Amino acid sequence: MGDWRRSHHCAQLSSADTGYDVTLMGWVQFRRDHGGLIFIDLRDRHGLTQVVFNPAINAEAHERAHVLRSEFVLAVHGKVRLRPEGMRNPTLSTGEIEVDVHDWKLLNTANTPPFPIEDRVDISESTRLEYRYLDLRRPRCMHNLIFRHTATLAARNFLTSNDFLELETPILTRSTPEGARDFLVPSRLNSGNFYALPQSPQLFKQLYMISGLDRYYQIVRCFRDEDLRADRQPEFTQIDMELSFVDQSQVMDIAERMIRHIFYETLSVSLPDPFPRLTHAQAIADYGLDKPDIRFDMKLHDITDIVRHSNFRLFSSSPLVKALVLPQGAHLSRGEIDQLTDFVSIYGAKGLAWIKIKPTAWQSPIAKFFSEQERNALAQTLTLKNDDIVFFQAGDPDMVNNTLGYLRLELAQRTQVINQSSFQPVWITDFPLFEWDAAEKRWFARHHPFTSPQDGHDEFMATHPEQALAKAYDLVLNGYEIGGGSVRIHTVDMQNRMFNVLGISSEEAASKFGFLLRALQYGAPPHAGIAFGLDRLIMLMTGSSSIRDVIAFPKTQKAACLMTQAPSRVSTMQLRELGLKLREQAG
RNA sequence: GGGGCCGUAGUUAAGCUGGUUAUAACGCCGGCCUGUCACGUCGGAGGGCGCGGGUUCGAGUCCCGUCGGCCCCGCCA
């Protein structure tokens with residue numbers, strides 16, 4: 001570059017800078033070579049500026065510029081000038097001006113990129129990921145990462161100004177039972193032993209509380225070796241926080257203030273104050289899911305009592321029967337209903353009963369089963385109107401709720417009733433403390449084993465674990481769980497009772513959680529916390545459909561990095577040093 | 001572990017019930033062009049259809065397997 005220094009970036013110059021000498025550096029976005037005049041749109045992360053190579057200004061500089069191609073890197077030195085009348089480009093923020101090139105340097109050449117560096121072309125994801133560094137040059141991708149920085153900064157500013165300390169926790173830690181599958185790291189110095197990458201810094205942040213560092217936060221990478229989804233990557237980032245001497249309502253208050261702050265600082269969006277709240281039971285009752293999208297109504301209705309004596313055996317014999325009304329949905333064709341039937345089968349539904357409310361009659365394969373009384377009760381409970389369609393699901397309560405919950409989302413998507421630009425957070429509270437695992441025939445902690453039961457609910461732990469509610473809370477945004485936390489157990493007695501219910505013997509507890517149990521005996525303060533999924537939050541805020549779009553170097557569904565080809569085989573020597581031997585050595 | 005969608009020039013796509021030399025646009029290469037802005041214009045090169053089998057006189061087209069990408073169920077406290 002010699003002594004050339006960039007004086008401005010490519011979105012900076014305007015008519016106010018006319019006449020100034022400037023130096024820009026960037027990439028060739030578009031080349032328009034007229035033979036006599038050459039126009040280049042020069043791009044950097046901020047934007048585009050048109051630079052003009054004019055033989056009347058510098059013939060030699062113009063002559064050299066014929067070699068310029070897409071994505072060449074150059075530095076131009078020249079004078080800002082107002083574009084001639086009628087030549088201005090209102091679609092470009094710098095469209096009022098251009099830079100007459102007096103001299104320029106080629107900083108680097110570039111191969112023809114495998115795909116154009118523009119937003120308006122859809123490139124297959126595998127090609128994008130193979131050339132991720134080029135993909136990230138595209139404005140949309142770049143914007144997402146810049147936005148992510150801005151939002152993260154807002155979080156840091158908020159937390160710092162609220163007396164939180166950003167504290168680190170180990171990446172190499174120990175594997176613990178419960179929860180997701182761990183990523184393991186073999187130890188060379190302790191052959192046969194393994195570290196685990198943290199699923200979250202859960203225990204360390206509790207230990208910080210015991211240390212007296214009473215407000216902790218960390219923007220931290222977490223690792224879970226489970227199957228991927230559009231909103232799940234094997235490594236992801238949490239905004240993790242923990243506070244001492246607080247109860248549930250205080251954590252929720254400060255957490256939602258942080259979320260409001262982030263939205264306001266980055267999008268100028270004012271979220272409701274306070275966020276609405278639903279109990280877990282109410283969420284399941286109304287929406288079928290514990291992560292309800294409340295941007296639209298269409299609640300589920302429990303009609304078990306109405307059809308308890310129905311002639312329709314499926315309904316009268318099911319423990320739960322619920323209905324979902326799609327207003328003005330009676331126009332759905334047989335084919336569309338068949339598609340929906342296929343859709344619900346994913347969730348274990350055997351079929352999908354429906355009734356179209358027509359002015360003269362109810363049109364339905366099952367209408368004949370209902371008595372006049374039952375029809376009236378249904379019409380009233382469901383506030384049925386002409387040209388509505390009602391869908392039903394009967395059977396196992398979990399299946400019924402899940403199926404209709406997802407059907408509700410599917411119908412909303414198909415009928416486009418969701419306001420895509422709105423953000424509607426909702427707290428879900430009063431989760432069950434335990435969940436019964438039918439396969440393993442034991443209780444699991446629904447949140448995690450360090451979650452405190454609600455006051456008085458510890459009575460149920462030994463006798464009726466299903467009745468115990470937890471001091472746990474999730475924050476749901478537009479149908480995505482973006483955060484969750486709990487008040488923690490802070491006495492060793494309660495922690496032991498919890499392990500007891502979970503079937504973790506005192507020997508196992510001592511060997512795997514001994515450090516926590518011991519620490520709880522040295523004056524552990526009451527404490528509580530929450531963690532937010534930063535990737536999901538940024539995904540929603542940027543209107544992205546996958547967290548891959550807000551992660552710089554994401555993995556594919558098979559957890560591979562197409563750019564670096566990770567994971568990869570390692571040498572026999574490396575394995576030997578680690579005391580490992582592959583069971584099957586292919587190739 | 002399972003279900004669904006998809007792999008055709010560098011890219012994005014078309015290619016019907018199998019039928020001559022596999023289309024197009026953009027990109028790329030070369031010529032012309034002093035006011036373009038996804039410049040224009042004239043000309044040119046480039047793939048054998050993810051890979052491997054099979055059916056057939058004949059296979060991007062049908063079948064089987066396999067690899068890869070995406071969506072989902074299970075899984076993810």
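Quick caveat, the model's predicted, so the values are computed rather than measured. All chains are named by letter (A, B, ...) in the order of the sequence lines, taking the proteins before the strands, and each is independently numbered beginning at 1.
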| field | Aromatic ring pairing Trp104(A)/Phe53(A), orientation class (parallel under 30°, perpendicular over 60°, tilted between) | value | perpendicular
| message | Please determine whether any donor N or O and acceptor N or O are separated by less than 3.5 Å between the side chain of Arg31(A) and the base of G27(B). | response | no
| Proximity to the side chain of Asn89(A) - top-ranked nucleotide from C71(B), G69(B), C37(B) | C37(B)
| task | Kindly point out which of G69(B), C72(B), G35(B) is positioned nearest to the side chain of Arg229(A)? | result | C72(B)
| Side chain of Thr127(A) (C-beta onward), nearest among C29(B), G35(B), U11(B) | U11(B)
| said: Mind checking if Phe444(A) touches a base, just sugar-phosphate, or nothing, with heavy atoms under 4.0 Å? | reply: nothing
| request: Record whether the side chain of Arg120(A) comes under 3.5 Å of the base of A38(B) through a donor-acceptor pair of N or O atoms. | output: yes
| If we require ring centres under 5.5 Å and near-parallel planes under 30°, does His34(A) stack on C39(B)? | yes
| task | Return the nearest nucleotide to the side chain of Ile346(A); candidates are C72(B), U36(B), C70(B). | result | C72(B)
| P spacing across the pair U56(B) / C63(B), given as an integer number of angstrom | 16 Å
| remark: Side-chain contact check for Asp227(A): nearest option of C71(B), G35(B), G74(B) is G74(B)
| message | So if I take every side-chain heavy atom of Asn402(A) and compare against U34(B), C37(B), G74(B), which nucleotide ends up nearest? | response | G74(B)
| request: Without swapping roles, check the side chain of His448(A) against the backbone of Phe450(A) for a donor-acceptor pair under 3.5 Å. | output: yes
| task | Return the nearest nucleotide to the side chain of Ile123(A); candidates are U36(B), U11(B), G69(B). | result | U11(B)
| task | Under a 3.5 Å limit for both distances, which nucleotide forms a Watson-Crick or G-U wobble pair with U41(B), could you say? | result | G31(B)
| field | Ring geometry between His34(A) and Phe39(A) (parallel below 30°, tilted from 30 to 60°, perpendicular above 60°) | value | perpendicular
| query | Will you find, in the side chains of Gln12(A) and His46(A), an N or O donor that is under 3.5 Å from an N or O acceptor? | reply | no
| request: Write down the partner of C5(B) under the Watson-Crick or G-U wobble criteria, each distance required to be under 3.5 Å. | output: G69(B)
| query | For G48(B), does the glycosidic angle fall within 90° of 0 (syn) or outside that (anti)? | reply | syn
| message | Looking at the base of G35(B), is there any donor atom on it, or on the side chain of Glu98(A), that sits under 3.5 Å from an acceptor on the other one? | response | yes
| With no angle test and no hydrogens, is the base of C75(B) tied to the side chain of Arg224(A) by a donor-acceptor pair under 3.5 Å? | no
| Between U17(B) and U61(B), how far is it from one C1' atom to the other, in whole Å? | 11 Å
| field | Arg224(A) bridged to Glu226(A) by N-O distance under 4.0 Å | value | no
| request: Specify the separation, in whole Å, of atom CD1 of Ile117(A) and atom P of G27(B). | output: 14 Å
| message | Counting only side-chain heavy atoms from C-beta out, which of C76(B), C72(B), C28(B) sits nearest to Ser70(A)? | response | C28(B)
| request: Figure out the CG/C1' separation between Asp122(A) and C6(B), and round it to whole Å. | output: 15 Å
| query | Counting side-chain heavy atoms from C-beta on, which of C70(B), C76(B), C37(B) comes nearest to Arg232(A)? | reply | C76(B)
| Stacking check: are the rings of Phe115(A) and U11(B) less than 5.5 Å apart at their centres and under 30 degrees in tilt? | no
| note | Relative to its sugar, using the 90° cut-off around 0, the base of G60(B) is syn
| query | Of the nucleotides U34(B), U12(B), C71(B), which one has an atom closest to the side chain of Pro55(A)? | reply | U34(B)
| Do any N or O atoms from the side chain of Arg488(A) and from the backbone of Thr451(A) form a donor-acceptor pair under 3.5 angstrom? | no
